[in-house]
Amino acid sequence: SHNWNYSNLSDWGRIYPSANGLNQSPIDIITSIAEFDETLKSNEFNFSFDLNCFIEIKNNGHTFMVSGVSDSSNVVGGPLPAQYKFVQFHMHWGLNEATGSEHLVDGSSFAGEIHFVYWNCEKYKSFEEAAKSSTHDGLAVFGVFVILGAENNEFNKLVSVMDNVKLANHTTFVSRPLEIIKLFPDNLNKYWTYLGSLTTPPCTECALWTVFCDPIQMSIKQLYRIKHLYNCSELSHCTESKRIRKNHRLPCELNGRRVLK
Ligand code: BO1
Ligand code: ZN
């Protein structure tokens, strides 16, 4: 699964056929064509997070991934057809501050994007099974744009242990309770939603996407700490060129899909 990277984006489809599909993510969200949906707005999201669950951070060679499995971390509401269980979040970034997000808004990108990944625990037996579905109801992924600005206190709990996972395949733990909801924007009622895919191989078209309109902030110092992660697991091989310098897929064609707001 490490047989792909971000310098051969156009080759993904040769090994992972789903990447050639018509319902891929990310997309450029053209705000003028997003359709207002009355029923979405009458059904607010209800996110729950288990503050006491064990939180692990892993450098998987593509990003840092934060997971904390708990039966009580879940979400309902918004466009979701069922209850979904939290599995992990991770981040995407770019070569410079003007790039990094996977979704674009009217052609503009942001410094980064955090993805909160959930699976439909009413219809599927496990994350793995849900992630194989091709009916877009397996996973729910929430995208939060990151812009540079104020230091992010909650994100500091991750940044302060990030050096423990500088090398690929290393894991560490967040000792202080992480309030994951504090990494979301304040306003959870402003979002776009559409049917899409995993943005990394195998690019399965299993996801209902929700991209929040309001970004969160972090400082440039915090972003630099993330950009120092390596995609290499051998310290002696970790040269400057082995840093995870960018990990965002380019926007895919909408192919007639509807974007609701
Ligand atoms: S994302 O949020 O669309 N960037 C995303 C991308 C990939 C995954 C989750 C969210 N997870 C992947 C795992 C693979 C696994 C695949 C299907 O899900 O990283 O190891 O094969 O289960
Ligand atoms: Zn992602």
Side-chain angles (χ1 to χ4, degrees), residues 1-6 9 12-13 15-21 23-29 56-69 73 75 80 84-94 99-104 109-121 123-146 158 165 168-169 171 180 183-184 191-212 215-216 223 226-227 229 231 244 246-252 257:
S1 72
H2 278 249
N3 206 10
W4 55 271
N5 60 54
Y6 286 93
L9 281 171
W12 286 6
I15 308 150
Y16 306 98
S18 297
N20 298 319
N23 301 286
Q24 290 289 290
S25 295
I27 57 167
D28 180 3
I29 298 164
E56 181 191 88
I57 310 188
K58 178 175 187 175
N59 174 343
N60 64 16
H62 304 296
T63 183
F64 70 86
M65 192 170 99
V66 181
S67 51
V69 174
S73 296
V75 61
L80 306 177
Y84 287 66
K85 259 193 218 314
F86 173 72
V87 53
Q88 51 110 332
F89 72 84
H90 60 270
M91 186 168 157
H92 299 266
W93 57 86
T99 62
S101 65
E102 296 213 293
H103 288 90
L104 272 57
S109 52
F110 302 82
E113 185 173 330
I114 300 182
H115 289 157
F116 298 88
V117 184
Y118 286 75
W119 61 280
N120 182 339
C121 60
K123 184 163 172 188
Y124 301 95
K125 289 198 285 288
S126 65
F127 169 79
E128 289 73 22
E129 191 195 307
K132 280 189 207 132
S133 100
S134 50
T135 49
H136 297 283
D137 62 0
L139 302 192
V141 189
F142 297 86
V144 174
F145 293 123
V146 174
L158 303 175
V165 293
N169 303 320
T171 61
I180 296 178
L183 296 172
F184 283 68
Y191 59 82
W192 298 285
T193 182
Y194 75 97
L195 302 179
S197 73
L198 301 179
T199 67
T200 67
C203 299
T204 320
E205 295 180 340
C206 60
L208 194 163
W209 274 91
T210 298
V211 179
F212 291 106
I216 61 162
L223 187 63
I226 302 306
K227 290 185 178 181
L229 297 173
N231 63 24
I244 306 174
K246 62 167 178 182
N247 59 7
H248 62 98
R249 190 186 195 186
L250 299 177
C252 303
R257 281 176 286 174

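All ligand and atom numbering here is 1-based and tracks the order in the structure. The basis for the numbers below is simple: all heavy atoms, side chains too, and nothing from hydrogens, waters or symmetry mates. Note that the coordinates shown come from a computational prediction; the quantities given were computed from them, not determined experimentally.
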* Would the Tyr194 and His103 ring centres measure less than 6.0 Å apart? -> yes
* **Side-chain (Asn231) to main-chain (His62) donor-acceptor, under 3.5 angstrom** => no
* Is there a heavy atom of Arg249 sitting under 4.0 angstrom from any atom of ligand 1? -> no
* **Evaluation steps, side chain to side chain donor-acceptor pair (under 3.5 Å), between His248 and Glu113** => CA-CA 9 Å; His248 62 98; Glu113 185 173 330; over 6 Å; no
* Proximity of Ser25 to ligand 1 by residue part, where a heavy atom lies under 4.0 Å -> neither
* Quick one: are Met91 and Leu223 in side-chain contact, heavy atoms under 4.5 Å? -> yes
* **ligand 1 contact on Leu198 by region, counting heavy-atom pairs under 4.0 Å** => both
* Numbered atoms of ligand 1 (with element) below 4.0 Å of Thr200, judged on heavy atoms -> 6 (C), 7 (C)
* Name all residues meeting the side chain to side chain contact (heavy atoms under 4.5 Å, CB included) criterion together with Ala130; count only those two or more places apart in sequence or in a different chain, and write none if there are none. => Trp119, Tyr124, Leu139
* With heavy atoms only and a cut-off of under 4.0 Å, state how His90 meets ligand 1: side chain, backbone, both or neither. => side chain
* Flag side-chain contact, heavy atom, 4.5 Å: Val117 against Phe127 -> yes
* Side chain proximity check, Tyr16 to Leu198, heavy atoms < 4.5 angstrom -> no
* **Side chain, backbone, both or neither: Lys132 near ligand 1, heavy atoms under 4.0 Å** => neither
* Subset of ligand 1 atoms that lie under 4.0 Å from at least one heavy atom of Val141 -> 2 (O)
* To do: May I ask you to check whether Gln88 has an N/O atom sitting below 3.5 Å from an N/O atom of ligand 1?
  => no
* Structure fact -> If we number the atoms of ligand 1 from 1 as shown, the ones under 4.0 Å from a heavy atom of Val117 are 2 (O), 10 (C)
* Asked: Do any protein N, O or S atoms sit under 2.8 Å from the Zn ion (ligand 2), and which ones are they?
  -> His90 NE2, His92 NE2, His115 ND1
* Asked: Side chains of Gln88 and Lys58: closer than 4.5 Å at any heavy-atom pair?
  -> no
* **Note, Ile27 side chain near Arg257 side chain (heavy atom, < 4.5 Å)** => yes
* Structure fact -> Numbered in order shown, the ligand 1 atoms found under 4.0 Å of a heavy atom of Ala131 are 17 (C), 22 (O)
* Tyr191: what forms a ring pair (Phe, Tyr, Trp, His ring centres under 6.0 Å) with it, not counting sequence neighbours? -> Phe45
* Per-residue contact class, Trp209 against ligand 1 - non-hydrogen pairs under 4.0 Å -> side chain
* Asked: With sequence neighbours left out, what residues match Tyr118 under ring pair (Phe, Tyr, Trp, His ring centres under 6.0 Å)?
  -> Phe86, Phe142
* Asked: Which of the numbered atoms in ligand 1 are below 4.0 angstrom from a heavy atom of Phe127?
  -> 22 (O)
* To do: Enumerate the atoms of ligand 1 whose separation from the nearest heavy atom of Pro202 is less than 4.0 angstrom.
  => 16 (C), 21 (O)
* When the ring planes of Phe145 and Phe110 are compared, do they come out parallel, tilted or perpendicular, using 30° and 60° as the limits? -> parallel
* Below 4.0 angstrom from a heavy atom of His92, which ligand 1 atoms are there? Numbered from 1 as shown, please. => 4 (N)
* **Polar atom proximity, Thr199 to ligand 1 (N or O, under 3.5 Å)** => yes
* Asked: Taking the side chain as C-beta and beyond, is there a heavy-atom pair between Asp137 and Tyr84 under 4.5 Å?
  -> yes
